[in-house]
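Written out below as structure tokens is the structure these notes cover.
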Amino acid sequence: MQSNRIVTRSARSLILARFNTTTPNANSVQAPKPQNISSDMIGPPDPVSNLRRIIFKKTNEETKLEKKYRKLRAEVQEWNQNFWTQHNTRFFKEREAYLKNNLPEGKSNLTADEMSVFYKAFLDKNWRTHLYYNKEWYKKNVTLLALALQVKLRRIFKIKDSK
């Protein structure tokens with residue numbers, strides 16, 4: 001009798017999970033308004049950049065500093081998204097061309113060792129881009145960290161914005 005209840009609960013859970021899925025449907029996906037969410041929301045990975053977009057929570061009593069911090073976070077996210085979308089688009093295009101030019105007749109794929117030639121060439125060709133990205137990424141994150149610290153200290157000590 002006990003095992004029958006477990007099976008029934010499991011079946012019910014599977015049915016409910018099937019109808020309550022979080023997988024986005026192209027017709028039903030709509031970003032929530034920042035004012036209507038209780039915390040930052042993280043979306044699914046972008047198919048090209050592989051980054052997850054974040055919808056940042058916006059409170060009604062947001063201070064000027066908190067607004068500045070939220071907006072800068074969104075700007076940095078957009079900058080990061082653009083970089084990785086462009087980078088990965090280039091990567092996929094060049095990888096496809098490499099496969100087209102180097103795939104022997106009758107083979108469907110190259111081995112990891114054979115592909116390592118492409119990967120090294122791609123990284124060598126783009127090292128300046130990666131160097132620039134890393135320098136900018138660190139600068140942006142230090143700025144965000146400083147703002148986050150200011151916001152946190154103002155909240156802890158209950159310091160109001162000067163008008």
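Minimum heavy-atom separation, Glu94 to Phe122: OE1-CD1, 3.2 Å. Heavy-atom minimum distance, Ser49 versus Thr85: CB-OG1, 3.5 Å. Here the shortest heavy-atom pairing between Phe83 and His130 reads CZ-CD2, 4.2 Å.
The same ILVMFWY cluster, assembled from side-chain heavy atoms under 4.5 Å apart, contains both Leu99 and Tyr119. Cluster membership check: Tyr69 shares its hydrophobic cluster with Val76, using side-chain heavy-atom separations under 4.5 Å among Ile, Leu, Val, Met, Phe, Trp and Tyr. Residues Leu51 and Val48 do not share a hydrophobic cluster, clusters being chains of Ile/Leu/Val/Met/Phe/Trp/Tyr side chains in contact below 4.5 Å.
Relative ring orientation between Trp137 and Trp79 is described as parallel, the plane-to-plane angle staying below 30° on a 0-90° scale split at 30° and 60°.
Here Glu62 pairs with Arg70 under the side-chain hydrogen bond (donor to acceptor under 3.5 Å, both in side chains) rule; sequence neighbours left out. Arg95 is linked by a side-chain hydrogen bond (donor to acceptor under 3.5 Å, both in side chains) to nothing, counting only residues two or more places apart in sequence or in another chain. In this structure, Asn109 has no side-chain hydrogen bond (donor to acceptor under 3.5 Å, both in side chains) partners at least two apart in sequence or on a different chain. Partners of Lys68 according to the salt bridge (Lys or Arg N to Asp or Glu O under 4.0 Å) rule, which considers only residues two or more places apart in sequence or in another chain, do not exist here. Applying the side chain to side chain contact (heavy atoms under 4.5 Å, CB included) criterion to Leu145, with sequence neighbours excluded, gives no partner residue.
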Hey, mind stepping through Val151 and Arg155 against side-chain contact (heavy atoms from CB on, under 4.5 Å) and telling me if it holds?
CA-CA 6 Å; Val151 166; Arg155 284 182 187 163; 3.7 Å; yes
Apply side-chain contact (heavy atoms from CB on, under 4.5 Å) to Gln86 and Thr129, showing your working.
-> CA-CA 11 Å; Gln86 291 170 1; Thr129 306; over 6 Å; no
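Ring centroid separation for the pair Phe91 and Tyr98 does not come in under the 6.0 Å cut-off.
From His87, atom NE2 reaches atom OG1 of Thr89 across 10.0 Å, with rounding to the nearest 0.5 Å.
Taking a cutoff of 4.0 Å between a charged side-chain nitrogen and a carboxylate oxygen, Glu136 and Lys139 qualify as a salt bridge. Residues Glu75 and Lys140 are not paired through a salt bridge, judged by the lack of any N-O separation under 4.0 Å between the basic side chain and the carboxylate.
In this structure, Met41 belongs to a hydrophobic cluster whose other members, linked by side-chain heavy atoms under 4.5 Å apart, are Ile37, Ile55.
The number of heavy-atom neighbours closer than 6.0 Å to NZ of Lys152, taken from other residues, nucleotides and ligands shown, is 12 or below.
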